[in-house]
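Have a look at the structure below before the remarks.
Chain A is the first sequence line, chain B the second, and so forth, proteins listed ahead of strands; every chain is numbered from 1.
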There are 2 protein chains.
Amino acid sequence: MTDSPTKKTKSDRTREAILEAARLLFAQKGYDGTTVRDIAAAAAIDPAMVIRYFGGKDALFARAADLDLRLPDLTALPRNAVGEALVRHFLTVWEGDGGTTALPIALRSAASNDLAAARLREIFATQVAPAIARLAGPDAPAVAGLVATQILGLAFTRYVLKLPPVVALPRERLVAEVGRSIQAYIDGARP
Amino acid sequence: MTDSPTKKTKSDRTREAILEAARLLFAQKGYDGTTVRDIAAAAAIDPAMVIRYFGGKDALFARAADLDLRLPDLTALPRNAVGEALVRHFLTVWEGDGGTTALPIALRSAASNDLAAARLREIFATQVAPAIARLAGPDAPAVAGLVATQILGLAFTRYVLKLPPVVALPRERLVAEVGRSIQAYIDGARP
DNA sequence: TGAATTTGTCAACACGCGTTGGCATTTTCT
DNA sequence: AGAAAATGCCAACGCGTGTTGACAAATTCA
């Protein structure tokens, strides 16, 4: 009776509370640094529920790190604006919802956790590489790799390592300078 | 009597065995993924010795992640060759001694361990930033930050994440392309 | 209302961790 | 050789972890 089509059942709401808390904590402390008890406390329920709803910590992490980067269609942009557009897009996504997007989550855990590293390689292979492939010629994988080098480096130094001068850099300067580097990688592969 | 000046006492040799094993394992599995028992096994001694010789896991990590990048004097190079020289230098250092140099060690652990992150920021502040400062003008910190973005991104994707297309990139292409990006960051700050 | 199902709590488990102190062994020195 | 010091192993501790099963409270349905 109280269930409108948009209303969710009780269990769905706590399931979402767990997932949200897990995303936040995994993004902040990494996989190893986050305990099931921490997640349960943040979601205001018992640790046992985390296991019952998701089957285990590993499975929960897999769900938490499974998101869409929502990359724009790069072919719809002027060819020489792709670099800046990419940087702008990622900065927006990362700073948008408190850093609980999949990429920082996986990025923080990838260094010490194989599951997270695999997840990150998968995100790269299924989302970043194809988007680049439509711009660059036969050399697309190498170009995508070089782009990843710069994009992940920016994410790592700014959001994970929090290197002071990188944190201090204003958004528009990052867009201009890092964008130029990425543009060069893409242009370098065009005949 | 058996102690020539270059000979070390017994304890010094096992102390070095522990440190070497620790460097290797920390570089491979990160701080959290490496146990004192693992290190002891790799050094073929008892876990208790690790604590007795170094005081604890934290202190051992601090010693293991404390190395010199041996950055060359950048002012001695032609101004337009600095980018390539930097990339070449880092690739050599990283691939030289099996990746047991300080930067990959700290890099792998920095994501989930505060001690490692602090160590990495310190390496940046005391070694990378000053080297750049002599080239770039008053804007040096920002330039050093941008350079770190690209260098750490390369290290992360190639040696930690092992992203296939980045691993596959031949050394000289990395030197040329990534070097050009870094050169652009440095040149951007010169009047 | 009363039975059945869902949702949640509690206590405890087995395990691996860093770390410690006691005791055996080896090396060193006189 | 014999005493003294260094070097090493062993067993155990306290702790936090992921996970489990039994039981209570709330919700749902007839």
Side-chain angles (χ1 to χ4, degrees), chain A residues 1-5 7-23 25-26 28-65 105 108-109 112-116, chain B residues 1-5 7-23 25-26 28-65 105 108-109 112-116:
Chain A
M1 45 194 77
T2 60
D3 50 357
S4 77
K7 254 279 180 185
K8 311 122 192 249
T9 160
K10 183 88 185 309
S11 73
D12 280 340
R13 269 196 285 111
T14 65
R15 167 180 262 101
E16 282 177 13
I18 294 173
L19 196 57
E20 188 180 356
R23 286 215 172 95
L25 287 171
F26 281 142
Q28 283 175 352
K29 322 267 256 179
Y31 180 87
D32 296 318
T34 302
T35 75
V36 172
R37 286 171 168 85
D38 288 343
I39 297 171
I45 41 95
D46 192 86
M49 305 304 294
V50 176
I51 268 72
R52 254 231 303 251
Y53 275 100
F54 289 91
K57 188 185 178 184
D58 287 18
L60 173 58
F61 179 82
R63 298 283 261 101
I105 292 175
R108 206 176 253 286
S109 306
S112 59
N113 184 273
D114 289 340
L115 182 59
Chain B
M1 43 193 76
T2 62
D3 50 356
S4 77
K7 257 273 181 187
K8 308 122 194 237
T9 158
K10 183 90 186 306
S11 74
D12 280 341
R13 270 196 285 110
T14 65
R15 168 180 261 104
E16 282 176 14
I18 294 173
L19 195 57
E20 189 180 354
R23 285 213 172 97
L25 287 172
F26 281 142
Q28 283 175 352
K29 321 268 256 180
Y31 181 87
D32 296 317
T34 302
T35 75
V36 172
R37 285 170 167 87
D38 288 343
I39 297 171
I45 41 95
D46 192 86
M49 305 304 294
V50 176
I51 269 70
R52 257 237 292 259
Y53 274 100
F54 289 91
K57 189 184 177 184
D58 287 18
L60 173 58
F61 180 82
R63 296 283 262 100
I105 293 175
R108 209 176 251 288
S109 307
S112 60
N113 185 272
D114 289 341
L115 182 58

Can you tell me which nucleotide in [options] comes closest to the side chain of [X]?
| X | options | result |
| --- | --- | --- |
| A/R52 | D/dC9, C/dT19, D/dA22 | D/dA22 |
| B/Y53 | D/dG8, C/dT9, D/dC9 | D/dG8 |
| B/M49 | D/dT19, C/dC10, D/dT7 | D/dT7 |
| B/K57 | D/dC10, C/dT19, D/dT19 | C/dT19 |
| A/I51 | C/dG21, C/dG8, D/dT20 | D/dT20 |
| A/R37 | C/dT9, D/dG8, D/dG18 | D/dG18 |

message = So, OP1 or OP2 of D/dA6: does either fall under 4.0 Å of a side-chain N or O from B/S11?
response = no
inquiry  = Using OP1 and OP2 only, check whether a side-chain N or O of B/T14 sits under 4.0 Å from D/dT7.
reply    = no
Nearest-Å distance, [atom1] ([X]) to [atom2] ([N])?
| X | N | atom1 | atom2 | result |
| --- | --- | --- | --- | --- |
| B/K29 | C/dG16 | NZ | P | 15 Å |
| B/F54 | D/dT7 | CZ | P | 13 Å |
| A/D46 | D/dA24 | CG | P | 16 Å |
| B/D38 | C/dG16 | CG | C1' | 11 Å |
| B/I18 | D/dC9 | CD1 | C1' | 13 Å |
| B/I45 | D/dT7 | CD1 | C1' | 11 Å |
| A/D32 | D/dG16 | CG | C1' | 14 Å |
| B/F26 | C/dG18 | CZ | C1' | 12 Å |

request  = Return the orientation label for the A/F61 and A/Y31 ring planes: parallel under 30°, perpendicular over 60°, tilted otherwise.
outcome  =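 Ring orientation of A/F61 relative to A/Y31: perpendicular.
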task = Output yes when a side-chain donor or acceptor of B/R108 lies under 3.5 Å from a complementary backbone atom of B/Q28, and no otherwise.
result =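 Yes; at least one donor-acceptor contact below 3.5 Å.
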query = Do any N or O atoms from the side chain of A/T34 and from the backbone of A/L25 form a donor-acceptor pair under 3.5 angstrom?
reply =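 Side chain of A/T34 to backbone of A/L25: a pair is present.
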task = Nearest 0.5 Å please: distance from the CD atom of A/E16 over to the CZ atom of A/R23.
result = 9.5 Å
request  = Could you tell me the separation between the CD1 atom of A/I51 and the CD1 atom of A/I18, rounded to the nearest 0.5 Å?
outcome  =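 Separation between the atoms: 9.0 Å.
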